Amino acid sequence: MTYITKPRLHHPLLTPNKLGFTRRDYEGRVSTLCAGCGHDSISAAIIQAAYELDLPPHRLAKLSGIGCSSKTPDYFLGESHGFNSVHGRMPSVLTGANVANRELIYLGVSGDGDSASIGLGQFAHSVRRGVNMTYIVENNGVYGLTKGQFSATSDPGSKSKRGVVNHDQSIDMVGLALQLGASYVARSFSGDKDQLTPLIKGALSHKGAAFIDVISPCVQFNNHLGSTKSFDYVREHNAAVNRLDFIEPREEIVASYEPGAVEIVTQHDGSVLRLRKLAADYDPTDRIEAMTRLQTHHARGEIVTGLLYIDPDARDLHDHLGTTKKPLNQLSDRELIPGSKALEEINESLR
């Protein structure tokens, strides 16, 4: 499959976005993953999200490590910047690129083997530092490239394709991201594009460390009876916390009415809504509630999906470091090497 070039033909009826790009313009090469792999569905959601957000492809930088998931950036955003790093080291490479050029939109794609095992420390520090990025883990609970061994996210009691039972405790990437201070945390299922696409759109538009854990069944090694990462298991145990959509910023529409009352509101597109006020069921801005909800449903054997947490006033690494608004890779020698007098002033301020 690697030698097959995807045709550049565009159907004349494809709808362009505001930039004049069609969905095909956000695609990449032909996928070489197994037919039916959940990772391809995630790639399709990323393509759809970038298309709907009208993102210029040259403004995106996609980075990955090693594994089936880390191959996927070749299958989407073919006109964007890309860098494939070594096993588990993608977060550090992304951090360095982000510090050097803050004007790009950074998308890190990894797997449960790449991020929850050898790259766990790299993942933890990039999140706690608030690197402005969208970090997607394509989580299938196995090492797909090395024939289906359990990964660090495999649930205790789950069975491998050969019938071996996993006795080790699993690492919950969502719980870890919440604890480390990620300001946008979500979980979804590769087979639920209606939920996943707006989650990715929200993450790409968020300032700060945005993390999405996507359960993505491995059709070759982890889609059998006894697996907790299979298509059937996730569909049967999915507990969605909210219904999702992403709306680009526009002039605010205000409605003030009493609980239990009905209000008619005209939207930006001219459509009319009849609103009946109810008490909010879930607050995605409460980090503690998100962690409690995760643990409560985990004890019931349920997988919580949706936007679990968001900090609408998040700060990123550049805010913490007080870096210049101008990307570092655009600074001149005069700005980068200001001389001994400037160094003396810095040293004096630290005494």
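Everything quoted here is computed from the prediction, not taken from an experiment. Residues: numbered from 1 along the sequence shown.
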[X] atom [atom1]: more than 12 heavy-atom contacts under 6.0 Å:
X: His298; atom1: NE2; value: no
X: Leu225; atom1: CG; value: no
X: Lys207; atom1: NZ; value: yes
X: Gln149; atom1: CD; value: yes

Ignoring hydrogens and angles, tell me if any N or O in the side chain of [X] forms a donor-acceptor pair with the backbone of [Y] under 3.5 Å.
X: Asn238; Y: Arg235; value: no
X: Asn17; Y: Gly20; value: yes
X: Arg287; Y: Ile310; value: no
X: Asn84; Y: Gly65; value: yes
X: Ser115; Y: Asp112; value: no
X: Ser154; Y: Ser151; value: yes
X: Ser43; Y: Phe76; value: no
X: Asp114; Y: His87; value: no
X: Asp213; Y: Arg187; value: no
X: Thr305; Y: Ser188; value: no

Out of curiosity, does [Y] fall in the hydrophobic cluster containing [X] (side-chain heavy atoms, cut-off under 4.5 Å, transitive links)?
X: Val219; Y: Val142; value: no
X: Leu180; Y: Ile171; value: yes
X: Val86; Y: Ile118; value: no
X: Leu120; Y: Met133; value: yes
X: Phe83; Y: Met90; value: yes

Rounded to the nearest 0.5 Å, how far does [atom2] of [Y] lie from [atom1] of [X]?
X: Ile46; Y: Ser80; atom1: CD1; atom2: OG; result: 10.5 Å
X: Ser340; Y: Asn347; atom1: OG; atom2: CG; result: 11.0 Å
X: Leu107; Y: Leu94; atom1: CG; atom2: CG; result: 8.5 Å
X: Asn329; Y: Lys326; atom1: CG; atom2: NZ; result: 10.0 Å
X: Gln179; Y: Arg128; atom1: CD; atom2: CZ; result: 12.5 Å
X: Ile105; Y: Ser205; atom1: CD1; atom2: OG; result: 7.5 Å

Should [X] and [Y] count as side-chain neighbours, where that means a heavy-atom distance under 4.5 Å?
X: Thr32; Y: Lys71; answer: yes
X: Val174; Y: Leu294; answer: yes
X: Leu33; Y: Cys68; answer: yes
X: Val165; Y: Ser158; answer: no
X: Thr22; Y: Thr15; answer: no
X: Ser170; Y: Pro156; answer: yes
X: Leu53; Y: Tyr51; answer: no
X: Leu336; Y: Leu331; answer: yes

What are the two closest non-hydrogen atoms of [X] and [Y], and how far apart are they?
X: Leu55; Y: Leu19; answer: C-CD1, 3.7 Å
X: Gly301; Y: Tyr233; answer: O-OH, 3.4 Å
X: Tyr106; Y: Asn101; answer: OH-O, 2.6 Å
X: Leu196; Y: Ala45; answer: CD2-CB, 3.7 Å
X: Ser69; Y: Ser110; answer: OG-C, 3.1 Å
X: Leu104; Y: Ala61; answer: CD1-CB, 4.1 Å

*Excluding sequence neighbours, so at least two apart, what forms side-chain contact (heavy atoms from CB on, under 4.5 Å) with Ala177?*
Phe123, Ala182, Val185, Phe211
Less than 3.5 Å apart, any donor N or O on the side chain of [X] or [Y] sitting next to an acceptor on the other?
X: Asn132; Y: His206; answer: no
X: Arg129; Y: Thr95; answer: no
X: Tyr184; Y: Thr134; answer: no
X: Ser190; Y: Ser41; answer: no
X: Ser332; Y: Glu335; answer: yes

*Output, in order, the C-alpha distance, side-chain angles, deciding distance and verdict of side-chain contact (heavy atoms from CB on, under 4.5 Å) for Asn140 and His39.*
CA-CA 9 Å; Asn140 57 22; His39 294 0; 3.7 Å; yes
*For the pair Ser183 and Tyr309, evaluate side-chain hydrogen bond (donor to acceptor under 3.5 Å, both in side chains) and give the outcome as yes or no after the intermediate values.*
CA-CA 7 Å; Ser183 50; Tyr309 175 75; over 6 Å; no
*asked:* Applying side-chain contact (heavy atoms from CB on, under 4.5 Å) to His81 and Leu60, what does each step give before you reach the verdict?
replied: CA-CA 6 Å; His81 305 281; Leu60 280 94; over 6 Å; no
*What do the steps show when you test Arg59 against Glu103 for salt bridge (charged side-chain N to carboxylate O under 4.0 Å, His left out), and what is the final call?*
CA-CA 8 Å; Arg59 286 206 56 227; Glu103 292 185 341; over 6 Å; no
_Between the side chains of Lys341 and Glu344, is the shortest nitrogen-to-carboxylate-oxygen separation below 4.0 Å, so that they form an ion pair?_
no
*Taking only residues two or more places apart in sequence, or in another chain, which ones meet Asp286 in a side chain to side chain donor-acceptor pair (under 3.5 Å)?*
none
*Tell me, with the steps shown, if Arg351 and Glu348 meet salt bridge (charged side-chain N to carboxylate O under 4.0 Å, His left out).*
CA-CA 5 Å; Arg351 290 191 174 92; Glu348 185 64 31; 2.8 Å; yes
*asked:* Let's go through Glu79 and His58 carefully: what are the C-alpha distance in whole Å and the side-chain angles of both, what is the deciding distance for side-chain contact (heavy atoms from CB on, under 4.5 Å) to 0.1 Å, and is it a yes or a no?
replied: CA-CA 7 Å; Glu79 301 301 319; His58 70 276; over 6 Å; no
*Candidates Asn166, Asp168, Asp155 - the one meeting side-chain contact (heavy atoms from CB on, under 4.5 Å) with Phe150*: Asn166
*Decide side-chain contact (heavy atoms from CB on, under 4.5 Å) for Val109 and Lys62; before the verdict, give the C-alpha distance in whole Å, the side-chain angles of both, and the deciding distance to 0.1 Å.*
CA-CA 7 Å; Val109 179; Lys62 49 184 183 175; 5.8 Å; no
